[in-house]
2 protein chains.
Amino acid sequence: MDVEQRISNLLKLGKLRSTSVRKLVLKEFLEAGTTAISSYEIEKKFEDLDRITLYRTLKTFEEVGIIHQAVDVSGRSKYAICSEDCSTHQHEDHHAHFYCKKCEKTVCLDNVKIPRPNLPADFQLEDSQLVLSGVCGACR
Amino acid sequence: MDVEQRISNLLKLGKLRSTSVRKLVLKEFLEAGTTAISSYEIEKKFEDLDRITLYRTLKTFEEVGIIHQAVDVSGRSKYAICSEDCSTHQHEDHHAHFYCKKCEKTVCLDNVKIPRPNLPADFQLEDSQLVLSGVCGACR
DNA sequence: TTTGCAAATGCAACATTGTTACACTTTACA
DNA sequence: TGTAAAGTGTAACAATGTTGCATTTGCAAA
Ligand SMILES: [Mn+2]
Ligand SMILES: [Mn+2]
Ligand SMILES: [Zn+2]
Ligand SMILES: [Zn+2]
């Protein structure tokens, strides 16, 4: 299936209207693959793309399960395309993320599952994120 | 040992000059205990405390191993007092942090160690953070 | 105890990140 | 094809953080 077709499908699945901004942004995520990208990176790449619309687009994509957020040590939030299993208000990306201190890229480690920790009894666990950092293979 | 004495000791250990801002801020962290606090919270509590000096103070405390950063799902960084084992440029707080979605507090779970994940061979792991979220005991 | 100087502070200026309100435009579908 | 809801662009604002620079302060040597 070609990219345009995938974009169209994903938007339909999320019950989202097909607009030029959404198609543009979604294409970026599909091309980025397991690399998580920040609002800033997209903004710089497309100079005439409105910043506010972009924030809203990311938020919308996240809500409907098209992209998921990766907590970043640097503080800025980054997003990556979701696995097939994600849907509206139900994310299933329970994998770790790796932040490279050299190239500053964040990548999804789809095969590194987050272990379920033993919490004190009175805590009700809903989400967990495992944020790893160091130097990535490409940078060594 | 009383608080003033502990403050004085910690600053000496970090080879830091004893200034009014540092004593004030450090007192906050000692009182907060395992609760991580944000720059904003301190700023609001002490209206005439200079924002920039506060940021620099937090950075310095972190560098010398007095406080450690807790990655927060909300994006803003929070800090908590370090365990005894931390020293300049060498943090030893390898514990998870819990963010309560109701009270928005972040607490150190000193007893929840971060499991060492199995990474692809070419990744060089240096740090790891386990960020848990849900509802804390007090809020249930 | 005084004094010199490095360290720390306070202020200005700036950048990034994000949110809300509101008028305008576009999309989807009846 | 017309319409209503959804989406966009602009402005305004708030939070978060950094750097440069002049002034003040802590501290140790004299
Ligand atoms: Mn991911
Ligand atoms: Mn902690
Ligand atoms: Zn790298
Ligand atoms: Zn709570």
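Chain identifiers are assigned alphabetically (A, B, ...) following the order of the sequence lines, protein sequences preceding nucleic acid strands; residue numbering begins at 1 within each chain. All heavy atoms count here, side chains included; hydrogens, waters and symmetry mates do not.
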### Message
Using side chain to side chain contact (heavy atoms under 4.5 Å, CB included), reason through Asp110(A) and Thr34(A) one step at a time and then give a plain yes or no.
### Response
CA-CA 8 Å; Asp110(A) 292 315; Thr34(A) 56; 3.4 Å; yes
#### Entry: Contact state string [nucleotides 20-30 of chain C, B base, S sugar-phosphate only, - no protein heavy atom under 4.0 Å]
BB----BBS--
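- Atom OH in Tyr79(B) sits 11.5 Å away from atom CD1 in Ile37(B) (nearest 0.5 Å).
- Under a cut-off of 6.0 angstrom, the local environment of CG in Asn118(B) is sparse, with at most 12 non-hydrogen atoms contributed by other residues, nucleotides or ligands.
- The 5' end of DNA chain C is approached more closely, in terms of each residue's nearest nucleotide, by Thr60(B) than by the other of Thr60(B) and Glu43(A).
- Remark: C1' of dA28(D) and NZ of Lys12(B) are 14 Å apart, rounded to the nearest angstrom.
- Rounded to whole Å, the distance from CD on Glu63(B) to C1' on dT18(D) is 14 Å.
- Rounded to whole Å, the distance from CG on Leu58(A) to C1' on dT8(D) is 15 Å.
- Heavy atoms of other residues, nucleotides or ligands lying less than 6.0 angstrom from CG of Asn111(B) number 12 at most.
- Judged as a side-chain hydrogen bond (donor to acceptor under 3.5 Å, both in side chains), the pairs with a partner in residues 14-32 of chain B (not counting sequence neighbours) are, in order, Glu28(B)-Lys45(B).
- Panel note: side chain Arg140(B), backbone Val135(B); no donor-acceptor pair is recorded below 3.5 Å.
- Protein atom NZ of Lys15(B) is 17 Å distant from nucleotide atom C1' of dG26(D), rounded to whole Å.
- Which of dC11(C), dT16(C), dT8(D) sits closest to the side chain of Val21(A) comes down to dT8(D).
- For Lys101(B), the NZ atom sits in a packed shell: over 12 heavy atoms of surrounding residues, nucleotides or ligands are nearer than 6.0 Å.
- The CG atom of Leu49(A) sits 16 Å away from the P atom of dG7(D) (whole-angstrom rounding).
- Counting distance only, with no hydrogens placed and no angle test, the side-chain atoms of Arg51(B) and the base atoms of dG10(C) include no donor-acceptor pair under 3.5 Å.
- At whole-Å resolution of the value, CG in Asp72(A) and P in dT16(C) are 16 Å apart.
- For Phe46(B) and dT9(C), the CZ to C1' distance is 17 Å, given to the nearest whole Å.
- Contact check, Arg22(A) against dG7(D): a side-chain N or O comes under 4.0 Å of OP1 or OP2.
- Within 4.0 Å of Ser77(A), counting heavy atoms only, lie sugar-phosphate atoms of the nucleic acid but no base atom.
- Going from atom CD1 of Ile37(B) over to atom P of dT16(D) covers 14 Å, rounded to whole Å.
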